[in-house]
Undergrad: 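Here's a structure for you.
Just so it is clear, the structure is predicted and the values come from calculations on it, not from any experiment. Just so you know, residue 1 is the first one in the sequence shown, and it goes up from there.
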Amino acid sequence: MTAGVELRDVHKEFPGGTRAVDGVSLSVEAGAVFGVVGHSGAGKSTLLRLVNGLEEPTSGSVLVDGQDLATLGERRLRPIRRDIGMIFQQFNLFRSRTVLGNVLYPLRLAGMNRAAARSRAEETLDFVGLSGHGGRYPEQLSGGQRQRVGIARALATRPKVLLCDEATSALDPQTTGEVLALLRRVNRELGVTIVLITHEMEVVRTLCDRVAVMEDGRVVENGEVYEVFARPGHPTTSAFVRSALHSEPDAALLERLGARHPGRLVNVPIVDGAPALDGLSALLREHAVDFTLVHGGVGEVRGRPLGSVTLELRGSAAAVDAVAHGLGAQARSKAGAR
Ligand SMILES: Nc1ncnc2c1ncn2[C@@H]1O[C@H](COP(=O)(O)OP(=O)(O)OP(=O)(O)O)[C@@H](O)[C@H]1O
Ligand SMILES: [Mg+2]
């Protein structure tokens, strides 16, 4: 059992006139992992709070599992809220309760009897890898363990949707990896639909099926993760993608490379399905152009190659033009810039 989430032309305006969410339409398929990225203030947290009913839209509708939250009375909203778990950057655990007590809390709130709640809580702690830690207090745990408690507490009532607000932003890279692996299990083994917001493209690359990019309350890009990484259509998206791929030289590096390499520097994107470097040796031979590989890297996004390499090309201007054109390269040195 799993549920999807849909937003239809959702607006959220706060008193004072801030349009935190400004006409967002999104569809998250049941069982998917959907990422939302954006800079600080883009409206990401507000968007999540609209999905779990903590905020009401100024206009537009939010549907969870096909039901429009605005049309439900408090009595029918309650079970839907229980279908939606949420985790946070700062974990938001009860410091005065033990780990077990934290996980029991939503179960007792939902009216589950003591024995059933206890067995459910222990089962859930086991799932997140914290069996045996139930008697500890949050401050006796590492950040990664605390987030596991947060996940266990969110999952205790067996929600169909899990909302994650910067859930790994307070963690170091290795712990982030462990928590992301746990979230993947939550999705695959429990079938929970995940909507996660982050400013780290690496999180999107690791976990998400689809991603939306938000800016000033609007969605400026929305697509399948590989497509968005390979062919970002909006400058904000390009900047986020560059932060995760590290293979395209930035301006400062380009200047240093230019000082060392007097030939023409060109950047060749490596994208699945594009010819890229396949024809390189033939092109070089045909035009009598020599090259040095000066920078770059090819990695993997969702099992498909993605990256870029920067080449220094040496030969007559016309020959270098022809090779660069043949590679579909973007000219990066001053000599090559228009
Ligand atoms: N309760 C509120 N009252 C008034 N303005 C708010 C409220 N909550 C958020 N805002 C404003 O709405 C805009 C979007 O805020 P939001 O918290 O959704 O951004 P965000 O993308 O989550 O940012 P961050 O990455 O910093 O968490 C901001 O300008 C913020 O100041
Ligand atoms: Mg936020």
Side-chain angles (χ1 to χ4, degrees), residues 7 9-12 18-28 34-48 165-166 169 195-258 264-274 276 295-302 304-311 324-325 327-338:
L7 286 87
D9 195 24
V10 173
H11 293 255
K12 177 67 189 181
T18 307
R19 290 188 190 155
V21 173
D22 195 12
V24 167
S25 297
L26 279 181
S27 186
V28 180
F34 194 99
V36 179
V37 300
H39 295 298
S40 186
K44 307 179 298 294
S45 294
T46 305
L47 191 79
L48 278 201
D165 191 344
E166 300 279 2
S169 300
V195 183
L196 70 86
I197 65 184
T198 182
H199 59 267
E200 296 168 300
M201 220 44 189
E202 202 50 53
V203 170
V204 172
R205 170 189 183 155
T206 309
L207 199 62
C208 297
D209 304 309
R210 296 183 67 85
V211 61
V213 182
M214 274 187 89
E215 188 160 273
D216 295 334
R218 295 163 199 244
V219 170
V220 297
E221 184 130 17
N222 176 7
E224 191 268 325
V225 166
Y226 186 87
E227 288 307 318
V228 169
F229 268 81
R231 298 171 190 88
H234 189 276
T236 303
T237 316
S238 305
F240 273 108
V241 167
R242 266 200 305 277
S243 72
L245 291 177
H246 307 297
S247 53
E248 253 187 77
D250 59 19
L253 176 55
L254 208 56
E255 199 170 322
R256 291 198 300 279
L257 291 172
R264 171 107 53 101
L265 295 183
V266 298
N267 197 65
V268 187
I270 310 291
V271 178
D272 194 12
H295 185 78
V298 184
E300 213 182 37
V301 175
R302 301 190 64 74
R304 295 160 69 186
L306 188 62
S308 79
V309 295
T310 305
L311 306 172
H325 180 76
L327 291 172
Q330 301 146 358
R332 296 306 302 266
S333 65
K334 285 204 186 73
R338 260 175 288 166

Undergrad: Does S169 form a side chain to side chain contact (heavy atoms under 4.5 Å, CB included) with H199? I'd like the steps, not just the answer.
TA: CA-CA 8 Å; S169 300; H199 59 267; 3.7 Å; yes
Undergrad: Mind jotting down which residue pairs meet the ring pair (Phe, Tyr, Trp, His ring centres under 6.0 Å) criterion with at least one end in residues 205-244? Sequence neighbours excluded, please.
TA: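 Qualifying pairs, neighbours excluded: H39-F240.
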Undergrad: Working note: H11 + R19, criterion side chain to side chain contact (heavy atoms under 4.5 Å, CB included); need CA distance, chi angles, decisive distance, verdict.
TA: CA-CA 7 Å; H11 293 255; R19 290 188 190 155; 5.7 Å; no
Undergrad: Could you work out, with side chain to side chain contact (heavy atoms under 4.5 Å, CB included) as the rule, every residue matching S308, not counting sequence neighbours?
TA: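 Residues passing side chain to side chain contact (heavy atoms under 4.5 Å, CB included) with S308: S247, E248, N267.
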Undergrad: Rounded to the nearest 0.5 Å, how far does OG1 of T46 lie from NZ of K12?
TA: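 Reported to 0.5 Å precision, the distance equals 8.5 Å.
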Undergrad: Taking side-chain hydrogen bond (donor to acceptor under 3.5 Å, both in side chains) as the test, write out the residues that go with D216, two or more places apart.
TA: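 Checked D216 against side-chain hydrogen bond (donor to acceptor under 3.5 Å, both in side chains); zero matches.
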Undergrad: Work out which heavy atom in D9 is nearest to a heavy atom in S25; give both atom names and the distance.
TA: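 Minimum heavy-atom separation between D9 and S25: N-OG, 2.8 Å.
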Undergrad: Going by the rule side-chain hydrogen bond (donor to acceptor under 3.5 Å, both in side chains), which residues pair with T198 if we only count those two or more places apart in sequence or in a different chain?
TA: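 Checked T198 against side-chain hydrogen bond (donor to acceptor under 3.5 Å, both in side chains); zero matches.
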Undergrad: Quick one: list whatever passes salt bridge (charged side-chain N to carboxylate O under 4.0 Å, His left out) with E300, sequence neighbours left out.
TA: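 Result, salt bridge (charged side-chain N to carboxylate O under 4.0 Å, His left out) vs E300: none returned.
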Undergrad: Salt bridge (charged side-chain N to carboxylate O under 4.0 Å, His left out) with E227: which residues, sequence neighbours excluded?
TA: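 Expected list: R231, R304.
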Undergrad: What heavy-atom pair brings V219 and M214 nearest, and what distance separates the two atoms?
TA: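 Where V219 meets M214 most closely, the heavy atoms are CG2-CG, 4.2 Å.
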Undergrad: Residues two or more places apart in sequence or in another chain: which of them pass side chain to side chain contact (heavy atoms under 4.5 Å, CB included) with R218?
TA: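 Side chain to side chain contact (heavy atoms under 4.5 Å, CB included) list for R218, sorted by chain: D22.
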Undergrad: Please name all residues satisfying side-chain hydrogen bond (donor to acceptor under 3.5 Å, both in side chains) with S238, sequence neighbours left out, ordered by chain then number.
TA: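 For S238, no residue satisfies side-chain hydrogen bond (donor to acceptor under 3.5 Å, both in side chains) once neighbours in sequence are set aside.
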Undergrad: Please answer whether the main-chain N or O of G233 pairs with a side-chain N or O of E221 as donor and acceptor at a distance below 3.5 Å.
TA: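 Yes.
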Undergrad: Kindly give the heavy-atom pair with the smallest separation between S45 and D165, and that separation in Å.
TA: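 Minimum heavy-atom contact is OG-OD2, 2.8 Å.
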Undergrad: Is a donor on one side and an acceptor on the other found under 3.5 Å between the side chain of K44 and the backbone of G38?
TA: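 Yes, because the side chain of K44 sits within donor-acceptor range (under 3.5 Å) of the backbone of G38.
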Undergrad: I need the minimum non-hydrogen distance between P249 and L254, along with the two atoms involved.
TA: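 Answer, listing the atom of P249 first, then L254: CG-CD1, 3.7 Å.
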Undergrad: Check the pair L47, L26 against side chain to side chain contact (heavy atoms under 4.5 Å, CB included), reporting the backbone distance first and the verdict last.
TA: CA-CA 11 Å; L47 191 79; L26 279 181; 4.1 Å; yes
Undergrad: Got a sec, which residues hit side chain to side chain contact (heavy atoms under 4.5 Å, CB included) with R210, two or more places apart in sequence or on another chain?
TA: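 Side chain to side chain contact (heavy atoms under 4.5 Å, CB included) list for R210, sorted by chain: F34, N222, E224.
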Undergrad: Taking all atoms of both residues into account, what is the closest heavy-atom pair of R205 and A244, and its distance?
TA: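 The answer is NH1-O, 3.2 Å.
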Undergrad: Measure across V21 and G43 and return the closest heavy-atom pair with its distance rounded to 0.1 Å.
TA: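 Closest pair (atom of V21, atom of G43, distance): CG2-O, 3.8 Å.
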Undergrad: Can you name the residues that form a side chain to side chain contact (heavy atoms under 4.5 Å, CB included) with S243, not counting sequence neighbours?
TA: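 Side chain to side chain contact (heavy atoms under 4.5 Å, CB included) list for S243, sorted by chain: M201.
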Undergrad: Rounded to the nearest 0.5 Å, how far does OG1 of T310 lie from CG of L257?
TA: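 So the CG of L257 and the OG1 of T310 are separated by 7.0 Å.
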Undergrad: Could you pull out all residues at least two apart from D209 that satisfy salt bridge (charged side-chain N to carboxylate O under 4.0 Å, His left out)?
TA: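 Salt bridge (charged side-chain N to carboxylate O under 4.0 Å, His left out) list for D209, sorted by chain: R302.
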